[in-house]
Amino acid sequence: MISLTDSQKIGMGLTGFGVFFLFFGMVLFFDKALLAIGNILFVAGLSFVIGLERTFRFFFQKHKMKATGFFLGGIFVVLLGWPVIGMVLEIYGFFLLFRGFFPVVVGFIRRVPILGSILNLPGINSFVDKVGESNSMV
């Protein structure tokens with residue numbers, strides 16, 4: 001069992017609420033306020049979970065500057081009041097930032113009983129294989 005510090009527990013809660021508000025904001029036709037709250041909670045939660053210094057080092061690595069620009073630029077555009085454009089920028093930046101983690105996530109989900117069988121369906125399998133293949137962090 002992984003033991004978490006109190007600040008990491010708070011960070012997990014903040015990140016969870018951030019994802020919930022982002023999802024709920026998109027379901028409610030890109031509500032600006034919910035998306036802004038979700039973005040702030042997600043980034044704050046990430047900072048609590050891995051620490052401020054490691055968060056800063058993760059986002060501002062030399063090879064991730066383009067991805068960080070899209071992600072943080074998308075958050076800024078959402079805060080300015082253009083939620084659809086901001087979310088498109090943010091999602092693109094998110095995929096560029098976290099694409100190194102996708103093979104791990106796909107491998108984990110394939111071992112979950114019901115989700116693994118869904119991922120092995122013919123149409124979904126090729127897409128998941130494409131997403132799950134490890135690509136270089138360029």
Side-chain angles (χ1 to χ4, degrees):
M1 188 80 186
I2 298 173
S3 63
L4 298 174
T5 64
D6 288 338
S7 65
Q8 288 175 326
K9 291 176 187 175
I10 292 169
M12 292 298 288
L14 288 174
T15 304
F17 278 118
V19 170
F20 171 75
F21 278 108
L22 285 170
F23 176 74
F24 201 56
M26 285 192 280
V27 167
L28 292 176
F29 302 110
F30 294 96
D31 183 55
K32 291 183 278 192
L34 291 174
L35 292 174
I37 291 170
N39 284 326
I40 292 169
L41 288 175
F42 179 77
V43 173
L46 189 63
S47 298
F48 270 90
V49 170
I50 65 174
L52 286 174
E53 181 183 345
R54 289 179 69 193
T55 303
F56 186 78
R57 278 191 285 151
F58 175 76
F59 278 107
F60 294 104
Q61 293 175 8
K62 198 174 244 182
H63 64 278
K64 291 185 180 180
M65 290 304 288
K66 177 177 135 181
T68 300
F70 275 106
F71 184 73
L72 296 178
I75 291 174
F76 183 69
V77 170
V78 167
L79 292 174
L80 284 177
W82 295 325
V84 176
I85 296 169
M87 286 306 295
V88 168
L89 293 174
E90 193 175 332
I91 289 170
Y92 179 66
F94 179 84
F95 281 120
L96 288 179
L97 274 173
F98 295 102
R99 70 179 167 192
F101 297 111
F102 290 150
V104 176
V105 172
V106 167
F108 174 76
I109 292 175
R110 283 187 188 226
R111 285 182 260 148
V112 175
I114 296 173
L115 294 177
S117 60
I118 292 173
L119 292 183
N120 287 327
L121 292 174
I124 299 172
N125 190 21
S126 61
F127 176 74
V128 171
D129 286 342
K130 190 77 165 165
V131 169
E133 67 187 27
S134 63
N135 38 4
S136 63
M137 298 295 291
V138 179

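Numbers for residues simply follow the sequence, beginning at 1.
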**Side chain to side chain, F60 and L72, heavy atoms closer than 4.5 Å** = yes

**Message:** Set out, in order, the CA-CA distance, both residues' side-chain angles and the distance that settles side-chain contact (heavy atoms from CB on, under 4.5 Å) for I37 and F24, then state yes or no.
**Reply:** CA-CA 11 Å; I37 291 170; F24 201 56; over 6 Å; no

**Prompt:** Would M65 and V43 show up in the same hydrophobic cluster when neighbours are defined by side-chain heavy atoms closer than 4.5 Å?
**Reply:** yes

**Prompt:** Heavy-atom distance under 4.5 Å between the side chains of N39 and V78, does that happen here?
**Reply:** yes

**Message:** Can you tell me how far apart CE (M87) and CD1 (I75) are? Round to the nearest 0.5 Å.
**Reply:** 9.0 Å

**Prompt:** In terms of hydrophobic clusters joined by side-chain contacts under 4.5 Å, are L46 and F94 together?
**Reply:** yes

**Hydrophobic cluster identity match, L80 and L89, side-chain contacts under 4.5 Å** = no

**Prompt:** Any link between L41 and V27 through a network of hydrophobic side chains (Ile, Leu, Val, Met, Phe, Trp, Tyr) touching at under 4.5 Å?
**Reply:** no

**Asked** Does T68 have any side chain to side chain donor-acceptor pair (under 3.5 Å) partners at least two apart in sequence or in another chain, and if so, which?
**Response** none

**Asked** Under 6.0 Å between the ring centres of F98 and F58?
**Response** yes

**Fill in**
Of all heavy-atom pairs linking G25 and L34, the shortest is CA-CB, 3.7 Å

**Request:** Could you tell me the separation between the CG atom of N125 and the CZ atom of R110, rounded to the nearest 0.5 Å?
**Result:** 5.5 Å

**Request:** Kindly compute the distance separating OG1 (T15) from CZ (F20), expressed to the nearest 0.5 Å.
**Result:** 15.0 Å

**Prompt:** Roughly how far, to the nearest 0.5 Å, is the CZ atom of F56 from the CD1 atom of I50?
**Reply:** 12.5 Å

**Prompt:** Under a 4.5 Å cut-off applied to non-hydrogen side-chain atoms, are L96 and K64 in contact?
**Reply:** no

**Request:** Taking all non-hydrogen atoms of both residues into account, name the closest pair between M12 and V49 and its distance.
**Result:** N-CG2, 3.6 Å

**Fill in**
Here the gap from F17 atom CZ to L22 atom CG, rounded to the nearest 0.5 Å, amounts to 13.5 Å

**Message:** Can you confirm if the aromatic rings of F42 and F21 lie within a centre distance of less than 6.0 Å?
**Reply:** no

**Message:** Please list all pairs meeting salt bridge (Lys or Arg N to Asp or Glu O under 4.0 Å) that have one or both residues in residues 31-58, counting only residues at least two apart or in different chains.
**Reply:** E53-R57

**Fill in**
The reported gap from CD in E90 to CZ in F70 (rounded to nearest 0.5 angstrom) is 13.0 Å

**Request:** Without swapping roles, check the side chain of S117 against the backbone of I114 for a donor-acceptor pair under 3.5 Å.
**Result:** yes

**Message:** How close do P83 and F30 get, counting heavy atoms only, and between which atoms?
**Reply:** CG-O, 3.3 Å

**Request:** State yes or no: do V106 and V112 share one hydrophobic cluster built from I, L, V, M, F, W and Y residues joined by side-chain heavy-atom distances below 4.5 Å, directly or via other members?
**Result:** yes

